[in-house]
Enquirer: 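Sharing a structure, written as structure tokens. Questions coming.
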Amino acid sequence: MGAVRDFSATELTFLQGLADQAALAIANARLLRDAQSHLRKIQSLREIDMAIAASFDLGITLDVILDQTISLLEVHAADILLLNPKLHTLEFAGGRGFVTAALQYTQLRLGESYAGRAALERRTVHIPDLSLRGEENGLLRSPLFGQEGFITYFGIPLLVKGEVKGVLEIFHRAPLHPDQDWLDFLEALARQAAIAIDNASLFDGLQRSHLELSLAYDTTLDGWAHAMELRDMEVEDHSQRVTEMTMRLARAMGLEGEALVHIRRGALLHDMGKLGVPDTILLKPGELTDEEWNIMRQHPQFAFDMLSPIKYLRPALDIPYGHHERWDGSGYPRGLKGEQIPLAARIFAVVDVFDALTSARPYREAWSREEAIEYIREQAGKLFDPQVVEAFLAMVEV
Ligand code: C2E
Ligand code: SIN
Ligand code: SIN
Ligand code: FE
Ligand code: FE
């Protein structure tokens with residue numbers, strides 16, 4: 001997040017500058033019209049700022065920038081070309097206001113055409129009348145381009161710390177006579193676009209996997225947990241409840257950081273493997289037969305098989321795979337004993353059984369909280385890790 005915050009602070013100074021200007025203008029009735037246009041522009045920059053902060057998706061941010069460009073500069077079309085640093089080419093990344101697909105497949109070498117020149121020479125290229133340029137018009141990169149009827153062209157290099165990230169192109173189907181205000185705002189938009197592109201590339205690699213992906217993943221996991229509960233109405237909210245309680249117990253036992261992230265995911269998905277258990281067994285109102293138990297007891301193995309191909313969930317598998325192992329070795333599927341059982345699974349098992357007992361099941365009524373606590377206490381050193389039970393009791397009895 002560092003890059004996003006730095007950027008916001010810098011831009012705040014910039015916005016403050018604009019706001020001061022706007023305030024001055026408001027004081028002067030004759031400049032009221034200017035002030036309103038300033039305010040719209042400030043709002044627009046703020047919207048872009050928010051889009052950059054809220055979205056790790058460069059495509060979305062560029063769309064916002066292009067929308068604002070067209071509406072506030074009152075031009076017919078705009079696009080953004082991104083520099084491919086390996087190939088040294090400019091490639092189309094998004095556009096607005098075009099009636100043909102003329103530019104969508106643009107791929108220019110640096111120095112080639114107007115955009116290539118803007119990037120290579122790091123300066124704005126302004127062509128007041130494209131129709132005068134004929135064949136040497138670099139925009140004849142597509143035969144469809146003529147149908148667009150553009151007259152005015154601006155190509156603005158997108159620079160961050162002196163490095164070219166791409167080019168913002170502006171097209172208008174009439175002559176334009178922009179004033180200084182317009183040009184300043186164009187420059188501000190180009191700066192925003194450059195920062196957005198720079199931020200997005202910072203999210204590549206490690207940062208990307210830690211922020212963007214973990215957000216997307218955790219949204220997916222909530223969806224899965226919810227889907228599991230829809231199947232078995234009796235355990236509604238069970239996943240969320242045991243997840244929260246497990247996090248509290250894990251923190252109380254001194255776990256922190258990354259370990260907690262994996263525990264959260266593992267707890268949410270602990271019974272994912274029940275997706276492999278037929279309804280006739282899962283929802284059966286009575287005792288299970290031996291054969292049914294054989295299937296039910298495979299749910300931790302099913303979870304392991306389903307989730308282990310997903311790389312980011314592998315460290316979270318301790319709970320789905322190990323939550324029915326028991327301290328005395330009487331559990332399943334591996335019959336692990338004592339500290340052979342991963343700590344996360346030992347912690348989770350206590351919470352899961354507590355929550356299962358205090359909830360109604362198709363085959364029995366809910367137990368009272370006191371009965372369930374008593375059962376956990378009794379099973380310390382038998383089914384459960386005695387140290388986990390101790391921390392659990394301290395947590396529920398206050
Ligand atoms: P669940 O109902 O969510 O229960 C989770 C764990 O809580 C159980 O794991 C068990 O350790 C504990 N637990 C739940 N209910 C009771 C209970 O009434 N008495 C005691 N002493 N402990 C209880 P377990 O036994 O490995 O069961 C795994 C899953 O198998 C259960 O999840 C449930 O979905 C299913 N299951 C267990 N017993 C029956 C049954 O008699 N009939 C049916 N239809 N399903 C059952
Ligand atoms: C924490 O709670 O310290 C981070 C782990 C999480 O909540 O997912
Ligand atoms: C549950 O409580 O939903 C089931 C826990 C388990 O037996 O796996
Ligand atoms: Fe289970
Ligand atoms: Fe459970």
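Residue numbers start at 1 and run along the sequence shown. For clarity, every value in this text was computed on a predicted model and none was experimentally measured. As a basis for the values below, the full set of heavy atoms in this structure was taken, side chains included, without hydrogen atoms, waters or symmetry mates. Order of appearance sets the numbers: ligands from 1, and atoms from 1 within every ligand.
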Enquirer: Looking at non-hydrogen atoms alone, which of Leu357, Asp352, Ile281 comes nearest to atom 16 (C) of ligand 1?
Expert: Leu357
Enquirer: For ligand 1, which atoms have a heavy atom of Tyr332 less than 4.0 angstrom away?
Expert: 24 (P), 26 (O), 27 (O), 28 (C)
Enquirer: Below 2.8 Å, any N, O or S contact between His323 and the Fe ion (ligand 4)?
Expert: yes
Enquirer: For ligand 1, which atoms, with element, lie under 4.0 Å from some heavy atom of Glu287?
Expert: 41 (O)
Enquirer: Output yes when the distance from some N or O of ligand 1 to some N or O of Gly286 is under 3.5 Å, and no in every other case.
Expert: yes
Enquirer: If you measure every N/O of Tyr375 against every N/O of ligand 1, is any gap under 3.5 Å?
Expert: yes
Enquirer: Can you list everything that forms a ring-ring contact (aromatic ring centres under 6.0 Å, His included) with Tyr375? Sequence neighbours excluded, please.
Expert: Trp367
Enquirer: Hey, is there an N, O or S on Asp271 sitting under 2.8 Å from the Fe ion (ligand 4)?
Expert: yes
Enquirer: Counting each atom of ligand 1 from 1 as listed, which ones have a heavy atom of Ala356 under 4.0 Å away?
Expert: 3 (O), 4 (O), 5 (C), 7 (O), 14 (C)
Enquirer: At the Fe ion (ligand 4), what angle lies between atom NE2 of His299 and atom NE2 of His324, rounded to 10 degrees?
Expert: 90°
Enquirer: Can you tell which part of His270 has a heavy atom less than 4.0 Å from ligand 1: side chain, backbone, both or neither?
Expert: neither
Enquirer: Does ligand 1 have a heavy atom under 4.0 Å from the side chain of Arg364, from its backbone, from both, or from neither?
Expert: side chain
Enquirer: Under 4.0 Å, heavy-atom basis, I'd like to know which part of Trp293 is in contact with ligand 1: side chain, backbone, both or neither.
Expert: side chain
Enquirer: Would you please name every residue forming a ring-ring contact (aromatic ring centres under 6.0 Å, His included) with Phe154, sequence neighbours left out?
Expert: His126, Trp182
Enquirer: Which atoms of ligand 1 are found less than 4.0 Å from any heavy atom of Arg326?
Expert: 11 (O)
Enquirer: Checking side-chain polar atoms at under 3.5 Å, does Gln298 have a donor or acceptor matched by the opposite partner on Asn294?
Expert: no
Enquirer: Determine yes or no for a side-chain-to-main-chain donor-acceptor pair under 3.5 angstrom, with Glu148 supplying the side chain and Val99 the backbone.
Expert: yes
Enquirer: Within 45° of the six-membered ring axis of Tyr321 and under 6.0 Å from that ring's centre, is NZ or CZ of Arg334 located there?
Expert: yes
Enquirer: Which bit of Arg361 is near ligand 1, meaning a heavy atom under 4.0 Å away: side chain, backbone, both or neither?
Expert: side chain
Enquirer: Side chains of Asp318 and His262: is there a donor and an acceptor less than 3.5 Å apart?
Expert: no
Enquirer: Pick one of side chain, backbone, both or neither for how Lys274 approaches ligand 1, counting any non-hydrogen atom pair under 4.0 Å.
Expert: side chain
Enquirer: Looking at Ala174, is its backbone amide N or carbonyl O close enough to the side chain of Thr152 to form a donor-acceptor pair, meaning the two atoms are under 3.5 Å apart?
Expert: yes
Enquirer: Is there a nitrogen or oxygen of Lys284 sitting under 3.5 Å from a nitrogen or oxygen of ligand 1?
Expert: yes
Enquirer: Please confirm whether the backbone N or O of Glu371 pairs with a side-chain atom of Ser368, one donor and one acceptor, at under 3.5 Å?
Expert: yes
Enquirer: Is the closest side-chain donor-acceptor distance between Glu169 and Tyr153 under 3.5 Å?
Expert: yes
Enquirer: Within a strict 4.5 Å, meaning less than it, do heavy atoms of the Leu255 and Leu343 side chains meet?
Expert: yes
Enquirer: Is the closest heavy-atom distance from Gln379 to ligand 1 below 4.0 Å?
Expert: no
Enquirer: Looking only at side chains, do Thr289 and Glu291 share a donor and an acceptor under 3.5 Å apart?
Expert: no
